[in-house]
Amino acid sequence: MYQNSLEYARKCDLQDPLRSFRDEFYFPKDSQGNRLIYLCGNSLGLQPKNTAAYIQEELNDWATLGVEGHTDAKHPWMPYHEFLTDSMAKIVGAKPSEVVIMNGLTANLHFMMVSFYQPTPERHKIIIESDAFPSDRYAVESQIKFHGYNPKESLLLWSPRKGEELCRLEDLEALLKEQGDQVALIMIGNTNYYTGQSFPLKAITHLGHTHGCMVGFDLAHGVGNILPELHDTGADFAVWCTYKYLNSGPGSLGGCFVHERHAHNSDLNRFAGWWGHNKTTRFNMRHEFDVIPGAEGWQQSNPPILSMAAIRASLDLFDKAGMGSLRKKSIALTGYLAFLLDEMKDDRITVITPRDPEERGCQLSIQVKSADRTLHDQLTKCGVISDWREPDVIRVAPAPLYNSFEDVYTFVNRLKSVLK
Ligand SMILES: *Cc1c(COP(=O)(O)O)cnc(C)c1O
C-alpha cells in the first residue's frame with residue numbers, strides 16, 4: 001500500500017482532508033528562510049497563526065476596560081475557563097463537568113494526589129511505570145515522603161522485562177496480584193514520553209479498581225494525540241499539559257480530569273482556593289468554602305487569561321479538525337514513517353515504539369545503535385527538528401494537524417544521508 005517515493009508522499013498530502021490546517025501554523029525556518037522539518041510537537045507544538053489575535057483581544061479589553069473586563073470583556077474573564085471546557089472535554093473523551101484547565105501539569109498532579117493518594121499503614125504504595133517522566137517521579141516520591149513514608153518501600157515500578165523496552169500488562173497484573181492490597185494509587189504516564197508506548201487505559205483502570213486502588217493518568221503525551229476516552233475508562237483522575245500536541249505555547253496551563261463519581265465526594269482531601277468556590281457567592285468573600293461540584297471545584301486561583309486565550313485559539317482548530325479525523329490521519333502518517341524506516345533496511349535502527357497503532361500515538365522512538373548526540377546535531381544541521389534522549393534514541397512525532405506525508409518522507413531521507 002505505502003510507497004517509498006516523494007511523488008507518493010505528495011499524492012497522500014493532496015488527498016489528505018486535513019491538509020489545509022498546515023497553513024494555520026507558523027513553521028520555524030533556517031537562516032536561508034527554508035522551512036524546517038518540525039517533528040517535535042511532542043515537546044512544544046507550533047504556534048497557530050490565530051493565537052496572536054486571541055491574545056490581542058484580551059490585551060485590548062484590558063486596555064479599554066480595566067477591571068470591568070472580568071464581566072464586560074468580549075469573553076469575560078471571570079468565567080473564561082468555561083470557554084475551553086467543551087472542546088477540552090471532547091479531546092479527552094470526558095463530560096464537561098469532569099474537565100478543567102488550571103495550573104501547570106506537575107502542580108495538577110500534586111493537587112490530584114492530595115485528593116486521590118491518602119495512604120494508610122496497610123495501603124501506602126504507588127505504582128508508576130519505570131520509565132516515567134522525571135517530574136512525575138519526583139512528584140510521586142515527594143508525596144510519599146510528605147505522608148511520612150519511604151519511596152524505597154512505597155514506590156513500585158512497573159518495568160519492562162530484561163532485554164525489552166516496553167511494559168507488559170500481564171506484569172502489572174502480577175505486581176498487583178502480589179502487592180495490590182498495599183497499593184493506594186496507580187499513576188501511569190500515557191503515552192510514555194520515551195518509548196511512545198500507549199497503555200490500555202481501561203484495562204489498567206479496571207485492574208486497579210479490582211484491587212481497591214485509585215487510578216490516575218498523566219496524559220502529557222496523550223492529549224491531542226490518542227483518543228483517551230477518559231470517562232469510559234473509569235479512571236479517577238488525569239492531568240495533562242497543553243503546550244505539546246495542543247499548541248498553546250511554552251509553559252501554558254495544564255488540564256485536569258476528575259471522574260464524575262467524585263463530583264460530590266466529600267471524603268476526598270483537597271487544597272482549596274476561592275476559584276473552586278460556588279460562583280454565585282464567591283465575591284461575598286465571607287462564606288465558608290462551598291465547593292463547586294465536579295472538576296472546577298479543584299481550582300485554586302483566578303487563572304492567567306492570556307495563556308487561556310492561546311489555549312482557546314488552539315482548541316478552536318481542534319474543534320474544526322475533530323479528534324476522530326486527526327487520529328485517523330495520525331495512524332496513516334505514523335504508519336508511513338514506520339514503513340519508510342523499515343525500507344531503510346539498516347540494522348543499526350530499531351523502532352522501540354510498539355508496531356500496533358492501537359499501542360502508540362504519533363511518536364516513534366528510534367534507537368540508533370552506537371549513536372551519540374552528534375547524530376541528533378547533524379539532523380538539526382540539515383533542517384530536522386527532532387528530539388534526542390540519552391543514550392541513543394531519536395524521538396520523532398509527526399503531528400497530524402500540521403505535519404505532512406512529505407515532511408515524513410523528507411525526514412527519512414535526511415536521516416539516511418546523515419547515517420551514511
Ligand atoms: C512534558 C511533561 C511534563 C512536564 O511537566 P510541567 O509541569 O508541564 O513542566 C510532566 N510529565 C510528563 C509525562 C510530561 O510529558
Side-chain angles (χ1 to χ4, degrees), residues 39-46 84 88 91-92 99-114 116-117 126-143 155 157-159 165-167 185-199 201 204 215-226 228 230 235 237-257 271 298-301 303-304 307-308 310-311 314 352-353 360-365 385-390 393-397 399:
L39 297 172
C40 220
N42 55 342
S43 183
L44 184 71
L46 291 180
L84 313 174
M88 198 63 257
I91 290 173
V92 296
V99 166
V100 69
I101 296 286
M102 62 179 191
N103 308 323
L105 186 164
T106 307
N108 283 339
L109 183 52
H110 276 295
F111 286 121
M112 287 294 103
M113 284 195 281
V114 165
F116 296 102
Y117 176 57
I126 302 182
I127 298 180
I128 59 172
E129 81 275 26
S130 64
D131 249 326
F133 193 87
S135 194
D136 297 26
R137 183 158 180 152
Y138 306 150
V140 162
E141 283 181 346
S142 60
Q143 285 278 336
L155 185 63
L157 299 181
W158 175 25
S159 309
E165 298 283 347
L166 305 175
C167 295
L185 172 67
I186 302 175
M187 213 304 289
I188 304 294
N190 202 55
T191 304
N192 182 271
Y193 83 102
Y194 178 70
T195 62
Q197 180 177 20
S198 281
F199 302 108
L201 301 178
I204 291 174
V215 179
F217 296 107
D218 179 343
L219 292 177
H221 283 259
V223 67
N225 180 21
I226 58 166
L230 277 177
F237 72 88
V239 294
W240 56 91
C241 52
T242 64
Y243 49 79
K244 290 171 179 165
Y245 295 110
L246 294 187
N247 314 313
S248 71
S252 194
L253 289 165
C256 220
F257 162 90
F271 285 172
W298 271 265
Q299 295 172 105
Q300 289 88 32
S301 294
S307 170
M308 287 198 303
I311 298 173
S314 170
I352 61 177
T353 310
R360 70 184 184 205
C362 69
Q363 173 188 323
L364 293 185
S365 302
I385 306 294
S386 61
D387 180 280
W388 177 258
R389 287 288 145 167
E390 295 293 342
V393 169
I394 304 169
R395 300 184 305 167
V396 281

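Start at 1 and go down the list; that is how both ligands and their atoms are numbered. The first residue of the sequence shown is numbered 1, and numbering continues consecutively from there. What you are looking at is a predicted structure, and each value in this text was computed from that prediction instead of being measured.
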**Report entry** Closest contact, heavy atoms only, L166 versus I352
**Finding:** CD2-O, 3.3 Å
Query - Check against ring pair (Phe, Tyr, Trp, His ring centres under 6.0 Å), W298 and F237 - result: CA-CA 12 Å; W298 271 265; F237 72 88; 9.9 Å; no
Report task. Would you check if I186 and W158 make a side-chain contact, meaning some heavy-atom pair closer than 4.5 Å? Result -> no
Note down each nitrogen or oxygen pair, ligand 1 side and protein side, whose separation is under 3.5 Å; give only atom names and the distance to 0.1 Å.
{"unit_1": "ligand 1", "atom_1": "5 (O)", "unit_2": "T106", "atom_2": "OG1", "d": "3.3"}
{"unit_1": "ligand 1", "atom_1": "7 (O)", "unit_2": "T106", "atom_2": "N", "d": "2.9"}
{"unit_1": "ligand 1", "atom_1": "7 (O)", "unit_2": "T106", "atom_2": "OG1", "d": "2.6"}
{"unit_1": "ligand 1", "atom_1": "8 (O)", "unit_2": "Y243", "atom_2": "OH", "d": "2.5"}
{"unit_1": "ligand 1", "atom_1": "11 (N)", "unit_2": "D136", "atom_2": "OD1", "d": "2.7"}
{"unit_1": "ligand 1", "atom_1": "11 (N)", "unit_2": "D218", "atom_2": "OD2", "d": "3.1"}
{"unit_1": "ligand 1", "atom_1": "15 (O)", "unit_2": "H221", "atom_2": "NE2", "d": "3.1"}
{"unit_1": "ligand 1", "atom_1": "15 (O)", "unit_2": "K244", "atom_2": "NZ", "d": "2.5"}

**Report entry** Test applied, side chain to side chain contact (heavy atoms under 4.5 Å, CB included); reference residue, V239; option that passes from L105, L219, N103
**Finding:** L105
Would you be so kind as to tabulate the donor-acceptor pairs closer than 3.5 Å made by side chains of residues 131-141, with sequence neighbours excluded?
{"unit_1": "S135", "atom_1": "OG", "unit_2": "T106", "atom_2": "OG1", "d": "2.8"}
{"unit_1": "R137", "atom_1": "NE", "unit_2": "E141", "atom_2": "OE2", "d": "3.2"}

Query raised in the report: Taking atom CH2 of W240 and atom CE of M88, what is their separation to the nearest 0.5 Å?
Result: 5.0 Å
